[in-house]
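A note on names: the letters A, B, ... follow the listed sequences, proteins ahead of strands, and every chain is numbered from 1.
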Amino acid sequence: MSEQTNGLQQAAGSFQKEGFQHTEEFCRLNEYQKAAVLDESPACVVNANVGSGKTTVLIGKILYLHLDRNVPLEKMTVLTFTNKAADEIVERLRKIKPDIAPDQVQGFGTFHSVALRMLKNSLPVEEAGWTKEFTVMDPDEETDLAMKIIQEHGLKVKYKNRLKKRLEQEYQNWLEGKAESRYRDDMYRLYQLLEEEKKRQNKMSFADLLRVGEELLRIKAEDSGVERRDEKSGPAWILVDEVQDSDLMQIEFLDALRGGKAKIFAVGDPNQVIYSWRGTGDNMFYLIKHRFGAKELTLPVNYRSNASILAAANRFLQFGNRIQGTREEGQRITVRNHYDPFQEAEYLAEKIQTLHRNGKSYREIAVFYRLQSQSGILEKVFDRYGIPYELSVKKTLKDIPVLNWLVKVLRVSVNPADTQMAAEVLADPGYGEESMYLRMTEFSEETGKRESVSAGELFAYFGLREALHPSSAGYQEDERLVMDFLEKMCASCNKEMESSQGNLTAAVRKFINSSALYGMKTDAGEKAPGDISECEGAGSEPDEKDRTAEPDRVSLMTLHASKGLEFDTVFIIGVNQGMIPLRCKNFEQEEEERRLFFVGITRAENNLELSWYTNPGEPGAIGEPSRYLRMIPEQLLNREDAGKPENVRSGENAGGDGRKSDLHQLRKQVQEQIRLKSEHARRPGSAGMAERGAHLQGETVKKEKEQKEPEVIRVRHRKYGEGILISEDDMMIEAEFREYGRKKFLKAFGEVEVLDAV
DNA sequence: GAGCTGTTCTTTTTT
DNA sequence: AGAACAGCTC
């Protein structure tokens with residue numbers, strides 16, 4: 001298919017099949033979205049503003065490539081960071097094109113699941129030291145194994161209680177060949193021994209999947225020479241969702257997968273990086289752009305929020321140009337002051353009740369907070385008011401002891417080399433049984449050869465009736481949980497064996513492996529204990545019925561968990577100094593807190609209410625509104641200090657107490673007013689502050705007055721290159737860079753050099 | 001192992 | 001700012 005294939009031929013060909021360009025879906029896209037869908041550069045990154053239809057473009061791209069450019073779905077790899085995102089893409093694709101078969105979208109999934117599939121199907125894992133029968137271990141298991149090795153070898157490893165975190169965070173350093181851990185202990189020796197032990201027990205950690213996958217992909221590319229590899233190997237197109245969230249290992253994997261041949265199309269938003277504390281580097285969006293020499297397109301138009309919300313959001317934008325809106329001004333943003341978290345919960349309960357009575361469904365409403373610990377009060381009060389709510393805390397199979405144990409039994413059964421798991425199964429205080437040992441090690445020989453199986457048969461084979469102790473109080477419940485799990489597993493395994501002629505051992509292994517990657521979630525919000533509603537095994541499809549039956553509930557979640565979601569009405573609580581932003585030591589962390597707040601406010605479609613407490617119970621927070629509230633222009637706000645129902649309270653605990661708190665509140669308000677005024681006075685260049693700054697800092701601040709002139713002052717930054725000075729005061733300096741947009745810096749760090757002496 | 005001083009982290013969470 | 005830990009001394 002030649003490169004000039006274009007509009008004409010498309011139009012000519014449209015009689016035979018519709019073609020995506022002629023569908024309603026395509027016509028509904030705006031010009032930016034269309035450009036992104038149609039772009040066929042070798043590498044392209046789409047800088048997608050919040051709410052600009054990023055996933056719609058990704059899906060449009062898939063359909064365009066498939067229907068108009070004849071790229072088979074099998075030749076596309078679509079990489080996401082969460083299983084939820086992968087499921088959503090396939091689900092939305094099916095909505096437009098319902099005849100997509102599951103094996104057509106094998107290449108759609110998280111980085112880890114795609115890596116796993118390739119290690120199992122097409123890469124020579126033996127060359128790396130594992131066999132095709134390897135299993136996947138989760139981070140807790142890896143930590144346990146590391147602990148065991150530390151003990152056995154008498155290693156000196158500091159902060160053992162934070163070992164899990166350390167294993168993850170220092171892994172990259174070790175890979176890069178650094179000599180010693182920053183804590184000057186045996187950490188790197190531990191990595192080495194751990195790796196050997198994982199090979200011995202034939203299992204891979206999450207990180208191994210990516211790292212080994214990358215290594216083998218590179219070897220494979222070398223082997224097949226510089227000349228084109230045969231057509232079957234590797235994807236023709238690689239599409240990446242939320243690319244700003246990738247880490248270094250994922251970029252290397254991506255690069256290896258591309259093999260210098262596949263085209264890359266990645267969408268992401270540098271303004272929504274909120275997980276960099278977890279190891280996502282500096283600025284992955286631009287790093288990827290430069291790494292692959294990618295063309296950058298933008299999606300500037302937001303379809304979600306009203307103009308007031310977007311105007312506020314624009315104040316927090318750190319990269320790129322301002323977000324363009326499509327909607328009317330709408331409701332202003334409410335800023336409300338409450339006395340304490342308890343008063344606020346009461347207020348929220350009443351407010352939500354009123355909204356619901358006036359016809360708003362609960363599912364349109366969400367409450368966001370910075371810390372998990374803040375949800376407790378809300379839960380209690382909402383319970384009392386009878387308001388249905390859903391907490392976004394995930395529960396995993398590991399929280400259900402009997403299933404946790406059962407998974408270990410199955411793990412050993414499909415991988416007898418896993419001595420760690422075998423020991424844990426037998427040593428389990430609740431279910432450990434010596435007799436399990438033979439059943440697990442003989443599983444492959446006996447039952448494992450079968451071509452179909454039922455839950456009852458497995459239950460009997462493992463002798464679970466005795467192992468679960470029929471006389472114990474929890475037996476009934478345990479049996480039910482185990483049978484539920486086995487039934488789901490058998491259904492998936494039978495299907496798998498039918499389609500791939502594998503045996504039971506292989507099918508169970510596949511199921512257990514993908515369950516490990518899928519997190520083995522259970523719905524914590526559900527009342528039914530232990531309902532394994534989302535235990536997706538190998539090859540099984542997303543449960544359609546679970547989604548349609550979503551009950552009407554208010555969503556309670558952390559700001560982090562809110563990413564990717566949208567609601568008609570959003571309340572963000574605890575917008576106090578010391579809470580949002582959470583006290584943080586360095587400037588990069590502060591920037592991330594700002595992005596987090598940005599993510600939070602941009603979830604709201606029509607109504608946004610931000611509140612702060614005079615008396616926050618949370619440690620660290622102080623009774624002042626967050627400085628972020630001062631960053632929002634006053635004309636966008638609707639300040640409702642002290643609220644109306646709260647006045648009832650002061651009458652309630654009448655007398656000294658109430659008056660005292662009223663006085664307290666009044667004083668806070670006065671202080672706030674004073675601060676606001678001084679803030680306004682300072683912005684165009686406050687003489688007083690500048691003078692003091694000049695004394696402390698020396699030269700750079702000298703001539704505040706000249707800055708009013710439209711003279712361009714150039715600055716330079718180690719990372720961002722040359723830019724122009726926007727503003728500065730005694731603490732901060734703000735500059736704009738062509739590639740990176742506006743950034744603020746702490747003068748004390750001396751990162752920015754002013755080039756034009758004034 | 002008590003008592004001291006210095007260091008490090010505290011929150012957010014996916015695979 | 002305070003907890004939890006590491007490493008030292010006695």
K.L.:
Once salt bridge (charged side-chain N to carboxylate O under 4.0 Å, His left out) is applied, do any residues pair with A:Arg304, and if so which ones, sequence neighbours excluded?
P.N.:
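With sequence neighbours excluded, A:Arg304 shows a salt bridge (charged side-chain N to carboxylate O under 4.0 Å, His left out) to A:Glu566, given in chain and number order.
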
K.L.:
Got a sec, which residues hit side chain to side chain donor-acceptor pair (under 3.5 Å) with A:Lys164, two or more places apart in sequence or on another chain?
P.N.:
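Once residues adjacent in sequence are excluded, the partners of A:Lys164 under the side chain to side chain donor-acceptor pair (under 3.5 Å) criterion are A:Asp140.
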
K.L.:
Atom NZ of A:Lys164 and atom P of B:dT14: how far apart are they, to the nearest Å?
P.N.:
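Whole-Å distance recorded here is 11 Å.
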
K.L.:
Can you list the residues that meet the ring-ring contact (aromatic ring centres under 6.0 Å, His included) rule with A:Tyr628, with sequence neighbours excluded?
P.N.:
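A:Tyr628 satisfies ring-ring contact (aromatic ring centres under 6.0 Å, His included) with A:Phe316, A:Phe597 only.
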
K.L.:
Between A:Phe253 (CZ) and B:dT15 (P), how many Å, whole number?
P.N.:
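Going from A:Phe253 (CZ) to B:dT15 (P), I get 16 Å.
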
K.L.:
Which of these passes side chain to side chain donor-acceptor pair (under 3.5 Å) with A:Asn415: A:Asn513, A:Thr135, A:Thr131?
P.N.:
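For A:Asn415, the side chain to side chain donor-acceptor pair (under 3.5 Å) test succeeds with only one of A:Asn513, A:Thr135, A:Thr131, which is A:Thr135.
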
K.L.:
Output side-chain donor-acceptor pairs under 3.5 Å for residues 150-157 of chain A, partner residues at least two apart or in another chain, one line each.
P.N.:
{"from": "A:His153", "atom 1": "ND1", "to": "A:Ile149", "atom 2": "O", "distance (Å)": "3.3"}

K.L.:
Taking salt bridge (charged side-chain N to carboxylate O under 4.0 Å, His left out) as the definition, give me every residue that meets it alongside A:Arg117, ordered by chain and number, with sequence neighbours left out.
P.N.:
none

K.L.:
Could you tell me which residues satisfy side chain to side chain donor-acceptor pair (under 3.5 Å) with A:Ser611, sequence neighbours excluded, listed by chain and number?
P.N.:
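Listed in chain order: A:Glu344.
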
K.L.:
What string of B, S and - do you get for nucleotides 4-13 of chain B, 5' to 3', if B is base contact, S is sugar-phosphate-only contact and - is no contact with any protein heavy atom under 4.0 Å?
P.N.:
----SSBBBB

K.L.:
Of all residues at least two apart in sequence or in a different chain, which pass the salt bridge (charged side-chain N to carboxylate O under 4.0 Å, His left out) check with A:Glu214?
P.N.:
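A:Arg218.
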
K.L.:
Classify A:Asp245 by what it touches in the nucleic acid, base, sugar-phosphate, or nothing, heavy-atom distance under 4.0 Å.
P.N.:
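Result for A:Asp245 = nothing.
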
K.L.:
Would you measure the distance from the P atom in C:dA3 across to the matching atom in B:dT13 and give it in whole Å?
P.N.:
24 Å

K.L.:
Would you please confirm or rule out a distance under 4.0 Å between OP1 or OP2 of B:dT14 and any side-chain N or O of A:Asn83?
P.N.:
no

K.L.:
Could you list where the contact with chain A starts and ends along DNA chain C, reading 5' to 3', using a 4.0 Å heavy-atom cut-off?
P.N.:
C:dA4 to C:dG7

